[in-house]
Amino acid sequence: MRALDGAAVREWADACVRDLGAARAEIDEINVYPVPDSDTGSNLLHTVTAARDALAGSDPVAAGHALTVLAGAAVRAAKGNSGIILSQVLYGMARSADSARELDGPALVAALRAADTAATGAVTRPVAGTMLSVLHAVAVALDGAPAEAGDVATLAAKAAADALARTPDQLPALAAAGVVDAGGRGLLAVLDALAATLTGTRATPVSPAPRPAPPPGPPGAWEVMYLLTSAEGDDGAPSLRRALAALGDSVTVAEAGGGEYAVHVHCADIGAALEAGLDHGRPHQVRVEPLVTPGRAAEPGSTGSTGSTGADLAVVAVVHGDALAELVGAEGVPVLAVPAGGQPSTEDLLALVGRTAAEHVAVLPGGVRLTAAAERVTDHPVLAGRDVVVVPCASPVQVLAALAVHDRSRGAGADVVAMAEAAAATRRGEVVVAAEDAITWVGRAGGGDVMGFIDGEVVLIEPPDGAGGVTRAAVGVLDRLLAVGGELVTVLLGAAAPPGVADALDAHLRAERPDVELVCYSGGQTDAVLLMGVE
């Protein structure tokens, strides 16, 4: 067993090229996310070969120097999203190693954790179930790692194998295809090669499950990659990431050192992607490839998911706040949590839809502004070839009503209609504390007064009286909602909801409307004390 010195780094690079070369076709075959373009294995092999070649003809003694050479070459030659992430793994390790002659166990632990930080930081929105998840699982598993570098590498490879096996449980697109993540599989090969270099023993790699051929990628979308030499004094990587996220998805801006970055984005407008780079420096070594799957068409009857009826419709949701996201996510749908008062970015919404493998996707947004934001991306070129529809919802209670009638046994169209009708038929009420004086249809409200809304209109005002004012307003709104009928009342308690208000509503219904069912959840919303829905 040996430490990771300069000679070992060179042997590791050779082993990576050999092992990724052997696994290239296998990794290409299981490449389904974010785009099924069958090139992840090829991109990883291209990237690591360029890094290996940079060390050819030299015999670096110091591990830090060898890793720096590898990382620099990898960033400049990186191909595809997976190649850029791998280059950042090497870059993070090189920065951690600095000028060290060799890396023992603790130093290798630090280097692998630095790799996790660098790679995750380069990606605009990391997604669970990908190469980054596998890398992060490795960093976590190294707590209390052994002192020998070989043992650390073996532990890292085993942790990567375990994490890779879990990726289908984290990313629906992988589960639908019956495969593990392609980038994670490539990372496992790299870590397994490291363990073999230091110990002479190889971990057993995970083999992918067979899957049907995926449909072609979206027409009219492109993978744009370039190196960017930043303008003097410019540190606009975060700004560049935001600009590229507005154009497409799979955005990566990876640092190469010395003011140079490797840039990657999937988008429809190649010129706009280059112009975004020009705002921060000089793009060069530009590469553009179509996001299609060459020679691979969908099998007859394939839907991209698990069936030809309701199974070909995936449902996703976007709501404000973590508590609401947890509540909606408990219904078994992917959900995006947006900070209170905030709006989701284009990248966030595209990534949310991309978490599914279905041809038809219904988006349930928990508010009027969230509905508008979701509708702006349904025609995004990255989603071309997929049927993405937004079910209008003005409140999270309407999202819950729509989910309650979602039925996978129906056809996609019929299921969307049923969810839209359920949302529209759910009358919504709110109890809000006025932040300032206002004139309403029912009179003047002062700051601190409790206002009751039904379907967006003020229907009552109660003076501030602590829990009493909120309870009276809640009962008043509830009675008005039920005046035209109803069988089920859903209440979402906000972060400022006083204790006992749910019990007061329950007691009121038992006394006045025992035929009506009441369910209360902790919604945690900050814009309303209570949200109500009546079905």
Side-chain angles (χ1 to χ4, degrees), residues 319-325 327 338-343 365-372 392-401 423-424 426-486 488-513 516 518-535:
V319 297
H320 282 121
D322 292 334
L324 279 173
L327 176 63
V338 180
Q343 287 291 288
V368 175
R369 295 180 64 199
L370 293 177
T371 296
C393 298
S395 169
V397 294
Q398 293 181 326
V399 172
L400 295 176
T426 300
R427 301 193 70 203
R428 54 189 174 89
E430 298 176 60
V431 175
V432 175
V433 176
E436 56 188 15
D437 294 350
I439 300 296
T440 76
W441 290 108
V442 296
R444 181 183 294 274
D449 283 349
V450 183
M451 298 190 296
F453 292 77
I454 291 181
D455 293 335
E457 298 289 343
V458 180
V459 296
L460 60 85
I461 300 171
E462 289 286 343
D465 182 22
V470 171
T471 300
R472 288 194 301 273
V475 169
V477 170
L478 183 56
D479 285 343
R480 287 168 172 80
L481 285 169
L482 291 173
V484 293
L488 172 65
V489 176
T490 302
V491 176
L492 298 178
L493 303 171
V501 66
D503 292 337
L505 290 173
D506 183 55
H508 177 74
L509 283 179
R510 285 203 308 270
E512 301 296 331
R513 292 292 303 270
V516 175
L518 172 69
V519 290
C520 295
Y521 302 104
S522 175
Q525 69 274 6
T526 58
D527 55 345
V529 180
L530 296 176
L531 295 174
M532 299 182 188
V534 173
E535 304 172 52

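Just so you know, these numbers come straight off a predicted model, no measurement behind them.
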Task: side-chain contact (heavy atoms from CB on, under 4.5 Å) evaluation trace for Val516 with Leu482 - done: CA-CA 9 Å; Val516 175; Leu482 291 173; 4.3 Å; yes
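- Between Arg444 and Asp437 no salt bridge is recorded (no basic side-chain N to carboxylate O distance below 4.0 Å).
- No donor-acceptor pair under 3.5 Å is formed between the side chain of Thr426 and the backbone N or O of Gly533.
- Looking only at distances, a side-chain donor or acceptor of His320 sits under 3.5 Å from a matching main-chain atom of Gly342.
- At least one side-chain heavy atom of Val501 sits less than 4.5 Å from a side-chain heavy atom of Leu530.
- Asp322 CG: 12 or fewer foreign heavy atoms inside a 6.0 Å radius.
- Minimum interatomic distance between Val368 and Ala394 (heavy atoms only, all atoms of both residues): CG2-CB, 3.8 Å.
- When all heavy atoms of Pro498 and Ala467 are compared, the closest pair comes out as CB-CB, 3.7 Å.
- No option in Leu492, Leu493, Val319 other than Leu492 meets the side chain to side chain contact (heavy atoms under 4.5 Å, CB included) test with Gln525.
- Between Val338 and Gln343 the shortest side-chain heavy-atom distance does not fall below 4.5 Å.
- Not a single donor-acceptor pair under 3.5 Å links the side chain of Asp449 to the backbone N or O of Ile461.
- No side-chain heavy atom of Arg472 sits less than 4.5 Å from a side-chain heavy atom of Leu460.
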TODO: Would you check, one step at a time, whether the test side-chain contact (heavy atoms from CB on, under 4.5 Å) holds for Leu481 with Met532?
DONE: CA-CA 9 Å; Leu481 285 169; Met532 299 182 188; 4.1 Å; yes
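- Distance CG/Asp506 to SG/Cys520: 7.5 Å, rounded to 0.5 Å.
- Separation of atoms CZ (Arg480) and CG (Asp455) is listed at 13.5 Å; rounding is to 0.5 Å.
- The shortest side-chain heavy-atom distance between Val534 and Val484 does not fall under the 4.5 Å cut-off.
- Counting heavy atoms from C-beta on, the side chains of Val519 and Val489 never come closer than 4.5 Å.
- The two atoms that bring Pro392 and Ala423 nearest to each other are O-CB, 4.0 Å, heavy atoms only.
- Judged by distance alone, the side chain of Gln398 and the main-chain N or O of Ala424 form no donor-acceptor pair under 3.5 Å.
- Nearest heavy atom pair, residue Pro396 against residue Leu324, reads CG-CD1, 3.8 Å.
- When all heavy atoms of Val477 and Phe453 are compared, the closest pair comes out as CG1-O, 3.8 Å.
- In this structure, CG in Leu518 is found 8.5 Å from CG in Leu488, a value given to the nearest 0.5 Å.
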TODO: Please assess Val432 against Val529 for the test side-chain contact (heavy atoms from CB on, under 4.5 Å), listing each intermediate value before the final yes or no.
DONE: CA-CA 5 Å; Val432 175; Val529 180; 6.0 Å; no
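- Residues Met451 and Thr440 meet the side-chain proximity criterion, which asks for heavy atoms closer than 4.5 Å.
- A heavy-atom distance below 4.5 Å is found between the side chains of Leu509 and Leu478.
- Salt-bridge check for Asp479 with Arg513: failed, with every basic side-chain N at 4.0 Å or more from each acidic carboxylate O.
- Between Glu430 and Ala528 the shortest heavy-atom distance is OE1-CB, 4.2 Å.
- Rounding to the nearest 0.5 Å gives a distance of 10.0 Å between OG1 of Thr471 and CD of Glu462.
- Here the side chains of Val458 and Trp441 are not in contact, with every heavy-atom distance at 4.5 Å or above.
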